Amino acid sequence: MTSDKTIDAVLVGGGVMSATVGALLKELEPGWTIEIFERLDDVALESSHVLNNAGTGHAALCELNYTPQRPDGSVDVSKALKINEQFEVSRQFWSYLVGQGHFASPREFITAVPHISFVRGDEDAAFLQKRHGALRDQPLFEGMEYSQDRAEMAEWMPLVMAGRDPAEKVAATRSLDGTDVNFGALTRGLLRLMNRAGGVRVHLQHDVRRVRRQSDGTWQVTAKNHATGASRHVRARFVFLGAGGRALPLLLNSGIPEARGYGGFPVGGLWLVCSNLSVVERHHAKVYGKAKLGAPPMSVPHLDTRFIDRRRGLLFGPYAGYSTKFLKQGSYLDWPLSVRPGNVVPLTMSGIHNVPLVRYLIREVLQSSASRLRTLQEYYPEARAEDWEMRMAGQRVQIIRKDAKTGTYLQFGTEVVNSADGTLSALLGASPGASTSVPIVLELLARCFPQRLSSQAWQAKLSQMIPTFGQSLPSDPALCRRIRHETSEALGLAR
Ligand SMILES: Cc1cc2nc3c(=O)[nH]c(=O)nc-3n(C[C@H](O)[C@H](O)[C@H](O)COP(=O)(O)OP(=O)(O)OC[C@H]3O[C@@H](n4cnc5c(N)ncnc54)[C@H](O)[C@@H]3O)c2cc1C
């Protein structure tokens, strides 16, 4: 079926990223017509599904990979400040949505859960203490506590401390500002908002196969309906490729020169999920450790309280898995078909330059159940195999490209790629992910709609939805405290 009209926007994929693009566009341009194509039977069934990600509201409160140690031993907190500020931007937009009545309660998608960093050994304890010293005076990290006191730590995280060797040096920091986020529920809330606004159609079971530029500068999007076998063709002035792992092949096929050189390799994930409710009830925190040598940042082990439909859960992981699929429900041909003459060199060189990562992945994939239990016992010494079940997490695609200036092969956390005229945009990569979806989409809007963004109408609306829009939080302690207080109240996180 071909639609004769040219619509304003097509969003490919029904995850949290497309939903955030759609919700923001609908708030900024209520009259726009938007179509969303999702290949599965429902939205938010891939990485955005509550069981496919860890649901950590990434604010760099506990994730040690955002505060690397410099060669002189000092701790670089610049990335942590940026991520914390970005999460605060997401919190503001979500607070606005709650205030507009798009969620019956913020508890549908966000819950306060303390964030703890936990380390073992003298060297890592010294690092953690330095990290705490560098962050504690930053208004965004106010209230973060440091402890080497085993009794205090046992109060913070009883499962982690019980049965632990008393001779082992351990240390932890705790922030009570941490959160657990159900990104699946958030996605559905964002789509509700769009549907209420009108002019939006969501096509489930529609797999987008082709995105082609037309002579008039618009894009023709072709999607196959799995249920009927029919194809739907639609013309759009703007296309967002929010297809998770599949955004990369769609981008490469779009033919835009900006896509050249991007490659990716998939990293699967596995969780151990606790099935013993009496164990689940004894833990109330997200406890993040230090990544093993060579491990990608996305594989930092953590013992994690989750809230799923307001019920408490407990998981540990992720363990890296391997599959050539770009989506959990993807095809084994995803990765081989994404290798092109334009990206084969970056992919190969990145592998050669990342021997510790390759070694780490091989070790992880070959791990036995007993070895996985031993890793869990580093965090929860009294863990018993019978209380835990292995489950597959979502699939991530690590993005690689040659840096034109330095000639090195870079791996990206999250990368927005767009055509020069701003009519097509894609989101690649995995981390820090859904938590920073709002600032990521704001960056995308700035690149694709620069004139509209500078208009008075968009500026006013953005300031209404995100009160600190255009301002710097770390450099304004009073603003920082005020906004943290306001979003905590609006999202039901206040202590
Ligand atoms: C193991 C793991 C742990 C994570 N932990 C966290 C965390 O703690 N905190 C955090 O903030 N983030 C975390 N993330 C990252 C977060 O889950 C992602 O950043 C986020 O869900 C990505 O959303 P998305 O909309 O881009 O992708 P997805 O949710 O994967 O959505 C993409 C959608 O596109 C659809 N699609 C694909 N191809 C097509 C096509 N051709 N046509 C139509 N539809 C298509 C898919 O079916 C899917 O529904 C984690 C991810 C993983 C895998």
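Whatever order the structure lists ligands and atoms in, that order sets their numbers, starting from 1. Bear in mind that the values here come from a model prediction, so they are computed numbers and not experimental data.
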State if P318 counts as touching ligand 1 under the rule of any non-hydrogen atom under 4.0 Å.
->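 Flag not set, P318 not near ligand 1.
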Among the heavy atoms of G269, does any lie under 4.0 Å from an atom of ligand 1?
->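 Flag not set, G269 not near ligand 1.
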Which part of [X] is near ligand 1, with near meaning a heavy atom under 4.0 Å away: side chain, backbone, both or neither?
X	answer
H49	neither
R39	both
N52	backbone
A393	side chain

Nearest non-hydrogen atom to [atom] belongs to which of [options]?
atom	options	answer
atom 33 (C) of ligand 1	E46, Q395, E38, M17	E38
atom 11 (O) of ligand 1	S437, S435, A19	S435
atom 22 (C) of ligand 1	G433, A44, G15, S48	S48

Compute both the distance and the angle, then confirm whether [X] meets the cation-pi test with [Y]: under 6.0 Å from the six-membered ring centre, within 45 degrees of the axis.
X	Y	result
R107	F307	yes
K290	F118	no
R188	F183	no

Contacting atoms of ligand 1, where contact means under 4.0 angstrom from a heavy atom of [X]:
X	answer
F183	9 (N), 10 (C), 11 (O)
L40	47 (O)
F37	43 (C), 44 (N)
D207	40 (C), 41 (N), 42 (N)
S47	17 (O), 21 (O), 28 (P), 29 (O), 30 (O)
R246	37 (C), 38 (N)
H206	42 (N), 43 (C)
G242	32 (C), 33 (C), 34 (O)

Quick check: does any side chain N or O of [X] sit under 3.5 Å from a backbone N or O of [Y], one acting as donor and the other as acceptor?
X	Y	value
S48	G15	no
S437	M17	no
N53	H49	yes

Is it true that the side chains of T33 and D8 contain a donor and an acceptor less than 3.5 Å apart?
->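 Short answer, yes.
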Between R235 and T6, is any side-chain donor less than 3.5 angstrom from a side-chain acceptor?
->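 Side chains of R235 and T6: no pair found under 3.5 Å.
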Looking at ligand 1, does any of its N/O atoms fall within less than 3.5 Å of an N/O of [X]?
X	value
L250	no
L45	no
H58	yes
V208	yes
Y288	no

Looking only at heavy atoms, which two atoms of T67 and F127 are closest? And how far apart?
->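 Closest approach of T67 to F127: O-CZ, 3.3 Å.
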Test: E443 and R447 ion pair at under 4.0 Å |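 Yes, this pair counts.
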Is the W388-Y319 ring centre distance short of 6.0 angstrom?
->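 No, ring centres 6.0 Å or more apart.
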Please check if atom CZ in R310 has more than 12 non-hydrogen atoms from other residues, nucleotides or ligands closer than 6.0 Å.
->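 Correct, the count exceeds 12.
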Could you give the distance from CD1 (I466) to CG (L442), rounded to the nearest 0.5 Å?
->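 Going from CD1 on I466 over to CG on L442, the span is 4.5 Å.
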